[in-house]
S.K.: 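This structure is in structure tokens; I'll ask about it shortly.
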Amino acid sequence: MSDNKYLPHSEADIAAMLQRCGAKDVDDLFDDVPAELRLKEPYKLPEPMSDAELELFFRQIGRQNKTMTIFAGGGFYHHYTPRAVTSLLSRSEFLTAYTPYQPEISQGTLQYIFEYQTMMCKLTGMDVSNASMYDGSTATAEAVVMAVNASRRKRRVLISATLAPAVARVIGTYATAAGIIIEVIPEDRGVTNRSELNEMIKAGDVAAVVVASPNWYGIVEDFAGIADLCHANKALFIVNAHASALGVLRTPAEWGADIACGEAQSLGMPLNYGGPGLGYMCCTRELMRKMPGRIVGATTDAHGRRTFVLTLQAREQHIRRQKATSNICSNQGIMTLHAAAYLGLMGDKGLAEVNRLGFDAAHALAQGLCETGKVKMAYPNQPFLNEFVIETMPPLSSDKILDAAAKDNILAGIKLTDNQLLVAATEMCSPEDVKRYVELVKAI
């Protein structure tokens with residue numbers, strides 16, 4: 001056996017594997033890892049502990065974490081999670097929910113996916129929803145690939161410069177592998193430049209146009225006429241939208257979108273050090289068979305009882321792998337349930353109220369910050385829901401605000417430039433929190 005008690009391989013096993021790999025020893029196997037990054041000594045682990053000692057140990061570590069008031073967004077937002085949702089998700093039959101490989105005995109899983117799809121169709125106004133994607137960025141990238149596949153010969157896709165940078169980068173990664181040409185539509189005062197869009201799409205060979213609502217700067221753009229322009233040039237119109245915001249904003253369907261996609265973390269999912277999120281994708285009926293993932297449908301069994309089935313499941317495990325619509329292998333089952341439970345509990349009125357509270361907090365904060373005379377709105381007169389960009393006045397800088405706020409346990413926003421901050425507020429930001437932020441800036 002190896003000297004390392006955590007490795008089950010014998011010395012003979014290791015020697016055989018090294019020989020197969022063409023490596024002299026284990027160090028040679030990892031020679032592409034720079035020496036300065038390699039572990040020089042064993043991990044400094046404490047002595048074994050009892051169960052009670054171990055719990056106390058981790059509680060002490062946990063107390064070092066800071067609980068901060070969050071005014072940062074950028075695609076992921078601090079929303080309230082109803083206790084009933086948490087309780088439902090903690091049930092054992094849901095906690096281990098994954099993918100219904102055996103649909104006939106996965107009726108519970110299929111039912112909540114069906115309910116999720118129904119709610120997402122209502123939220124977006126689209127005809128069909130799939131059973132979710134990993135996150136908003138991959139959902140948008142998949143929408144781009146889907147649009148190119150639907151157009152067959154066209155390889156150009158136009159994305160607005162006001163799309164979140166992280167989403168744009170993921171689209172670029174997908175596009176490189178798929179041979180898709182991505183071109184960026186310039187922005188004009190924080191919104192998509194219409195005249196540039198007109199010229200770019202009329203140049204031809206455009207499979208799709210991608211915009212965001214609200215956009216990266218928090219601005220609610222007016223997309224009137226873009227769908228007509230796209231369709232006149234035989235291109236698809238894709239709208240990336242924050243799921244929660246669709247409770248009060250125009251739906252992608254109302255803008256004439258062919259595909260709606262984006263991040264659904266805003267549907268009450270907690271912020272957990274970067275995840276998990278939930279990517280949603282909805283489309284028109286005409287594009288249904290081009291959509292990646294699977295679709296759950298309702299029918300009746302031989303006894304006339306309501307039952308649920310996998311209506312469409314164009315996945316690489318089941319059909320021609322090299323020609324699959326997507327290489328994402330499964331949906332986020334537990335997060336799909338989370339979204340369905342949240343939307344079911346909140347309803348139309350609850351979702352509208354969440355957005356109203358966020359709107360009120362954000363606008364009160366924007367006004368208060370501007371009244372300090374130390375910042376101004378980067379995009380004045382542009383409508384926003386719960387997120388906006390402020391521009392600092394010299395000698396104040398983004399870093400000074402972020403540093404001062406952090407000392408007061410406030411996450412003040414996302415730094416865009418040395419003098420620009422992207423600031424967000426949700427229903428979790430109280431009037432007292434808003435006042436504390438304003439007073440902090442005033443005192444710098």
S.K.: Give a yes or no on this: more than 12 heavy atoms of other residues, nucleotides or ligands lie within 6.0 Å of atom CG of N381.
M.R.: no
S.K.: Could you go through L396 and V375, starting from their C-alpha distance and side-chain angles, then the distance that decides it, and tell me whether this counts as side-chain contact (heavy atoms from CB on, under 4.5 Å)?
M.R.: CA-CA 8 Å; L396 190 61; V375 305; 4.1 Å; yes
S.K.: Evaluate the side-chain proximity of V148 to R155: yes if any heavy-atom separation is below 4.5 Å, no if none is.
M.R.: yes
S.K.: I'd like to know if the side chain of S87 reaches the main chain of R83, judged simply by a donor and an acceptor atom lying under 3.5 Å from each other, with no hydrogens or angles considered.
M.R.: no
S.K.: Using 30° and 60° as the class limits, which term best fits the ring planes of H242 and Y77: parallel, tilted or perpendicular?
M.R.: perpendicular
S.K.: Looking at residues at least two apart in the chain, or sitting in another chain, which of them share a side-chain contact (heavy atoms from CB on, under 4.5 Å) with D433?
M.R.: T69, F71, S430, R436
S.K.: What heavy-atom pair brings F384 and A366 nearest, and what distance separates the two atoms?
M.R.: CZ-CB, 4.0 Å
S.K.: Got C121 and D127 here, is their nearest side-chain heavy-atom distance under 4.5 Å?
M.R.: no
S.K.: Strictly under 6.0 Å, is that where the ring centroids of F388 and H363 end up?
M.R.: no
S.K.: Looking only at heavy atoms, what is the nearest atom pair of A243 and Y280, with distance?
M.R.: CB-CE2, 4.2 Å
S.K.: Take Y437 and I401 through the test side-chain contact (heavy atoms from CB on, under 4.5 Å) and record every step on the way to the result.
M.R.: CA-CA 10 Å; Y437 192 157; I401 292 179; 4.0 Å; yes
S.K.: Excluding sequence neighbours, so at least two apart, what forms side chain to side chain donor-acceptor pair (under 3.5 Å) with E53?
M.R.: S50
S.K.: For a 4.5 angstrom cut-off between non-hydrogen side-chain atoms, does L246 reach P252?
M.R.: yes
S.K.: Run the side chain to side chain donor-acceptor pair (under 3.5 Å) test against K415 and tell me which residues pass, sequence neighbours left out.
M.R.: D399, D418
S.K.: Take V167 and V210 through the test side-chain contact (heavy atoms from CB on, under 4.5 Å) and record every step on the way to the result.
M.R.: CA-CA 11 Å; V167 176; V210 186; over 6 Å; no
S.K.: Are Y217 and T162 side-chain neighbours, meaning at least one heavy-atom pair lies under 4.5 Å?
M.R.: yes
S.K.: So, do M281 and P292 sit near enough that their side-chain heavy atoms are less than 4.5 Å apart?
M.R.: yes
S.K.: Does D135 form a side-chain hydrogen bond (donor to acceptor under 3.5 Å, both in side chains) with T138? I'd like the steps, not just the answer.
M.R.: CA-CA 6 Å; D135 57 24; T138 53; 2.7 Å; yes
S.K.: Under a plain distance cut-off of 3.5 Å, with no hydrogens placed, do T67 and N65 share a side-chain donor-acceptor pair?
M.R.: no
S.K.: Could you note down all residue pairs passing salt bridge (Lys or Arg N to Asp or Glu O under 4.0 Å) where residues 347-372 supplies at least one of them, sequence neighbours left out?
M.R.: K122-D348, E353-R356, R356-D360
S.K.: Would you confirm whether T372, through its side chain, and G368, through its main-chain N or O, come within 3.5 Å as a donor-acceptor pair?
M.R.: no
S.K.: Under a 4.5 Å cut-off applied to non-hydrogen side-chain atoms, are I171 and V157 in contact?
M.R.: no
S.K.: Excluding sequence neighbours, so at least two apart, what forms side chain to side chain donor-acceptor pair (under 3.5 Å) with S129?
M.R.: none
S.K.: Considering only heavy atoms from C-beta outward, does the side chain of I185 approach that of M200 to under 4.5 Å?
M.R.: yes
S.K.: Which pairs, with at least one residue in residues 248-260 and sequence neighbours excluded, count as a side chain to side chain donor-acceptor pair (under 3.5 Å)?
M.R.: H231-D258, T251-E254
S.K.: Taking T336 for its side chain and I113 for its backbone only, find out whether a donor-acceptor pair lies under 3.5 Å.
M.R.: no
S.K.: Is any side-chain heavy atom of E391 less than 4.5 Å from a side-chain heavy atom of P380?
M.R.: no
S.K.: For the pair M428 and I70, evaluate side-chain contact (heavy atoms from CB on, under 4.5 Å) and give the outcome as yes or no after the intermediate values.
M.R.: CA-CA 8 Å; M428 301 298 283; I70 301 173; over 6 Å; no
S.K.: Is D408 reaching over with its side chain to a backbone N or O of A404, donor-acceptor style, under 3.5 angstrom?
M.R.: no
S.K.: What is the minimum heavy-atom distance between Y174 and V145, and which atoms define it?
M.R.: CD2-CG2, 4.0 Å
S.K.: Does K44, at its NZ atom, have more than 12 non-hydrogen atoms belonging to other residues, nucleotides or ligands within less than 6.0 Å?
M.R.: no
S.K.: Taking all non-hydrogen atoms of both residues into account, name the closest pair between M133 and E142 and its distance.
M.R.: CE-CG, 3.4 Å
S.K.: Distance only, no hydrogens: is a donor on one side chain within 3.5 Å (strictly under) of an acceptor on the other, for T192 and S160?
M.R.: yes
S.K.: Checking E427 now: which residues fulfil side chain to side chain donor-acceptor pair (under 3.5 Å) with it, not counting sequence neighbours?
M.R.: H79
S.K.: Would a distance-only check, ignoring hydrogens and angles, find a side-chain to backbone donor-acceptor pair under 3.5 Å from E387 to G218?
M.R.: no
S.K.: With sequence neighbours left out, write down each residue that passes side-chain contact (heavy atoms from CB on, under 4.5 Å) with D31, or none if nothing qualifies.
M.R.: D28, R38
S.K.: Donor-acceptor pair, distance only, cut-off 3.5 Å: does the side chain of N386 make one with the backbone of A424?
M.R.: no
S.K.: Counting only heavy atoms not in E47 (residues, nucleotides, ligands), do more than 12 fall under 6.0 Å from its CD?
M.R.: no
S.K.: Identify the two heavy atoms, one from I259 and one from M126, that lie closest to each other, and give their separation to 0.1 Å.
M.R.: N-CE, 4.0 Å
S.K.: Indicate yes or no for a side-chain donor-acceptor contact from E263 to the backbone of L278 under 3.5 Å, with no hydrogens or angles considered.
M.R.: yes
S.K.: Can you name the side-chain contact (heavy atoms from CB on, under 4.5 Å) partners of M393, sequence neighbours left out?
M.R.: K376
S.K.: Where do N149 and K290 come nearest, in terms of heavy atoms and distance?
M.R.: O-NZ, 4.0 Å
S.K.: If a pair satisfies salt bridge (Lys or Arg N to Asp or Glu O under 4.0 Å) and one of its residues is in residues 182-196, list it, with sequence neighbours excluded.
M.R.: R156-E183
S.K.: Is a side-chain donor or acceptor of E221 paired with a backbone partner of N215 at a separation under 3.5 angstrom?
M.R.: no
S.K.: So among V170, L163, N240, which one has a side chain to side chain contact (heavy atoms under 4.5 Å, CB included) with S137?
M.R.: V170
S.K.: Going by the side chain to side chain contact (heavy atoms under 4.5 Å, CB included) test, name the single residue among L236, I201, L197, L158 that passes it with C230.
M.R.: I201
S.K.: Residues two or more places apart in sequence or in another chain: which of them pass salt bridge (charged side-chain N to carboxylate O under 4.0 Å, His left out) with K234?
M.R.: none
S.K.: Tell me, please, which residues at least two apart from A341 pass side-chain contact (heavy atoms from CB on, under 4.5 Å).
M.R.: V85, L88
S.K.: State plainly whether the residues E439 and K442 are in salt-bridge range, i.e. N to O under 4.0 Å.
M.R.: yes
S.K.: Using modelled atom types only, decide if a donor and an acceptor are shared between the side chain of D222 and the backbone of A224 within a distance under 3.5 Å.
M.R.: yes
S.K.: Do side-chain atoms of S151 reach the backbone of A207 as a donor and acceptor pair under 3.5 angstrom?
M.R.: no
